[in-house]
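Source: prediction; values computed, not measured. Counting convention: from 1, in listed order, for ligands and their atoms alike.
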Amino acid sequence: MKFFALLALFLSGIAQAAPREPETYVPGLGEIMGSIQMRHAKLWFAAKGGNWPLASYELGELKEGFEDAARYQPDFKGKPIAEMLEPATRKPLSELVKAIDERDGAHFARAYDQLSRACTSCHESAGRGFIVIQRPTAPPVTDQRYDARR
Ligand code: HEC
């Protein structure tokens, strides 16, 4: 009897130690948007500081954010986010790439405002018209240099 009790205890220990399937973590759309917002703001200050390699980097990260939104949240409360993204952002994103390549501040500012309007209109069509995107007036964090000095 004692033997079986010990055996049962032993086996239940093994069962508990067995690895469990990891739960897959899916980031929410609001979270993904938060990091897109950070990139959007840094992008502005990188260009303003003439740090074009940083601007190019932040734009790449911002695009990855959009890709994440399409991959992880293709449908948001019945809105086909994945399908809305590309047509809404294609033009301003390609203009930003050009402006950064040309290191052209005026072109950059126009394309940036176009992108911000695209952000806001998607929010409007997704029933989030109260989330309005504009040029940032202050850097989002100040422990990173946005200018081109080393
Ligand atoms: C294809 C549609 C779409 C585009 C394009 C889009 N967003 Fe969003 N965004 C949403 C939706 C939908 C929400 C609401 C998510 C929620 O309620 O969980 C949102 C939420 C947000 C939020 C609120 C997050 C918070 O916690 O305060 C911010 C900030 C944001 N977006 C920034 C941006 C920026 C910046 C851009 C452009 C660079 C952008 N979004 C482009 C659909 C979009």
How about Glu31: does its CD atom have over 12 heavy atoms from other parts shown lying under 6.0 Å from it? yes
So that I know where these two stand, are His40 and Tyr112 an aromatic pair - ring centroids less than 6.0 Å apart? yes
Identify whether the distance between the nearest side-chain nitrogen and carboxylate oxygen of Glu95 and Lys91 falls below 4.0 Å. yes
Check Asp68 with Arg71, please: is the shortest side-chain N to carboxylate O separation under 4.0 Å? yes
Side chains of Glu61 and Leu43: does their closest heavy-atom pair fall under 4.5 Å? no
Starting from the N and O atoms of ligand 1, find every protein N or O within less than 3.5 Å and list the pair with its distance.
| residue | atom | partner | partner atom | Å |
| --- | --- | --- | --- | --- |
| ligand 1 | 7 (N) | His123 | NE2 | 2.8 |
| ligand 1 | 9 (N) | His123 | NE2 | 2.9 |
| ligand 1 | 17 (O) | Arg128 | NE | 2.9 |
| ligand 1 | 17 (O) | Arg128 | NH2 | 3.2 |
| ligand 1 | 31 (N) | His123 | NE2 | 2.8 |
| ligand 1 | 40 (N) | His123 | NE2 | 2.8 |

Using 0.5 Å steps for rounding, measure from the CG atom of Asn51 to the NZ atom of Lys42. 12.0 Å
